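This one's a predicted model, so the numbers in the text were calculated from it and none came from an experiment. Start at 1 and go down the list; that is how both ligands and their atoms are numbered.
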Amino acid sequence: MAFSFFGCIGTPVIAQEDFALQREQMVSMQLKGRDISNEATLRAMETVPRHEFVPENVRKWAYSDSPLPIGNRQTISQPYMVAYMTQVLKLQPQHKVLEIGTGSGYQAAVLAEIAHSVFTIEIVPELGESARNRLQNMGYTNIAVRVGDGYNGWPEEAPFDAIMVTAGAEQVPLPLLEQLKDGGRMVIPIGPHHGVRQLKLIRRKGAKFKESNLMAVRFVPFTRDKD
Ligand code: SAH
């Protein structure tokens, strides 16, 4: 009797510690071990409990060096990609950020650990609603989740210091360029549907946009509302 009682309350506590250890290892091996050096990004990656954003059946792989399924045929990016895309935005504590493709809400949480506020849009209602509940239950008060087509951005909250698109588009949506602040940065995977895409960094200087290719990537496709 005593054993089973102990086992019931003991197991989750051990698991939490284990996840914290796995998270530390993820940061040192997969991030610092590569080219992630921005302190704020590393701290955010060490803080956000990635295992709470993935389905129960893949939780044991939450800190592995790979993307994971999150339901509705969507995926949460590999930790390195989350950190890389975050680092490239050069976020400051006062920044207002727009994310397109909320998915699980994990990337939004990482951004919200660094920036002042995060506005994130998800086209699949089930994903958007569960991410909103999850982030609320976790105590994030600086993230707003909207269900809809991110192509149009979030005009009421524009302009944004930084914009991150976490689904692969064929072209950069014009409304997103318009909603980027002067001096702002956008990171977005661009390329053919279902093919290898280029992760692009776009920097705004007045009416001009400077574009550079960062690396070849694979992302789930950017979809559009039919209506
Ligand atoms: N950033 C997410 C993972 C994103 S996967 C995370 O941290 O978990 C890409 C997401 O973009 C998917 O959930 C997909 O449904 C969403 N998406 C695709 N096209 C979209 C669009 N036009 N507007 C908003 N979200 C979109």
Side-chain angles (χ1 to χ4, degrees), residues 23 26 31 41 44-45 47-56 58-59 61-64 66-89 91 97-115 118-135 138 140 143-155 157 160 162-177 179 186-194 197 199 217-227:
R23 199 155 56 243
M26 171 192 83
L31 309 183
T41 302
M45 295 295 292
T47 307
V48 181
R50 184 171 161 96
H51 63 278
E52 292 187 22
F53 291 84
V54 299
E56 195 78 46
V58 296
R59 202 157 273 182
W61 295 299
Y63 298 98
S64 68
S66 61
L68 290 171
I70 54 170
N72 296 78
R73 290 181 293 119
Q74 304 304 324
T75 55
I76 181 173
S77 296
Q78 170 195 20
Y80 172 73
M81 189 54 59
V82 171
Y84 183 89
M85 290 173 75
T86 304
Q87 170 168 276
V88 98
L89 291 178
L91 296 175
V97 185
L98 174 67
E99 182 200 20
I100 309 300
T102 315
S104 67
Y106 174 66
Q107 174 73 74
V110 169
L111 295 168
E113 289 286 339
I114 307 171
V118 176
F119 296 84
T120 180
I121 308 175
E122 172 54 53
I123 202 163
V124 178
E126 297 80 13
L127 289 175
E129 279 148 25
S130 69
R132 184 188 288 133
N133 289 337
R134 177 179 298 122
L135 291 163
M138 292 174 84
Y140 284 99
I143 304 175
V145 181
R146 174 181 272 185
V147 169
D149 184 354
Y151 182 91
N152 302 312
W154 197 315
E157 293 293 342
F160 297 96
I163 299 179
M164 182 187 289
V165 180
T166 65
E170 288 177 55
Q171 281 166 358
V172 184
L174 273 181
L176 300 186
L177 291 174
Q179 291 172 30
M186 183 189 317
V187 65
I188 178 168
I190 296 288
H193 204 63
H194 290 302
R197 302 175 211 257
L199 188 65
V217 289
R218 275 188 188 277
F219 269 83
V220 295
F222 191 97
T223 54
R224 299 296 316 279
D225 267 346
K226 303 286 179 291
D227 45 331

Residue set satisfying ring-ring contact (aromatic ring centres under 6.0 Å, His included) with Tyr84, at least two apart, ordered chain then number -> Tyr80
A side-chain contact here means heavy atoms from C-beta on lying under 4.5 Å apart; do Ile76 and Gln107 qualify?
no
(Q) Salt bridge check, Glu129 against Arg132: does any charged N sit closer than 4.0 Å to a carboxylate O? (A) no
Main-chain N/O of Gly103 paired to Glu122 side chain as donor or acceptor, under 3.5 Å: yes
Sequence neighbours excluded, the answer for ring-ring contact (aromatic ring centres under 6.0 Å, His included) partners of Tyr106 is Phe53
Is there any protein N/O under 3.5 Å from an N/O of ligand 1, and what does the full list of such pairs look like?
residue: ligand 1; atom: 1 (N); partner: Glu99; partner atom: OE2; Å: 3.0
residue: ligand 1; atom: 1 (N); partner: Gly101; partner atom: O; Å: 2.9
residue: ligand 1; atom: 1 (N); partner: Thr166; partner atom: OG1; Å: 3.2
residue: ligand 1; atom: 7 (O); partner: Gln107; partner atom: N; Å: 3.0
residue: ligand 1; atom: 8 (O); partner: Ser104; partner atom: N; Å: 3.0
residue: ligand 1; atom: 8 (O); partner: Ser104; partner atom: OG; Å: 2.6
residue: ligand 1; atom: 13 (O); partner: Glu122; partner atom: OE1; Å: 2.7
residue: ligand 1; atom: 13 (O); partner: Glu122; partner atom: OE2; Å: 3.3
residue: ligand 1; atom: 15 (O); partner: Glu122; partner atom: OE2; Å: 2.6
residue: ligand 1; atom: 19 (N); partner: Thr223; partner atom: N; Å: 2.9
residue: ligand 1; atom: 19 (N); partner: Thr223; partner atom: OG1; Å: 3.3
residue: ligand 1; atom: 22 (N); partner: Asp149; partner atom: OD1; Å: 2.9
residue: ligand 1; atom: 22 (N); partner: Thr223; partner atom: O; Å: 2.6
residue: ligand 1; atom: 23 (N); partner: Gly150; partner atom: N; Å: 2.7
residue: ligand 1; atom: 25 (N); partner: Ile123; partner atom: N; Å: 3.2

Sorted by chain and residue number, the side chain to side chain donor-acceptor pair (under 3.5 Å) partners of Arg146 (sequence neighbours excluded) come out as Glu156
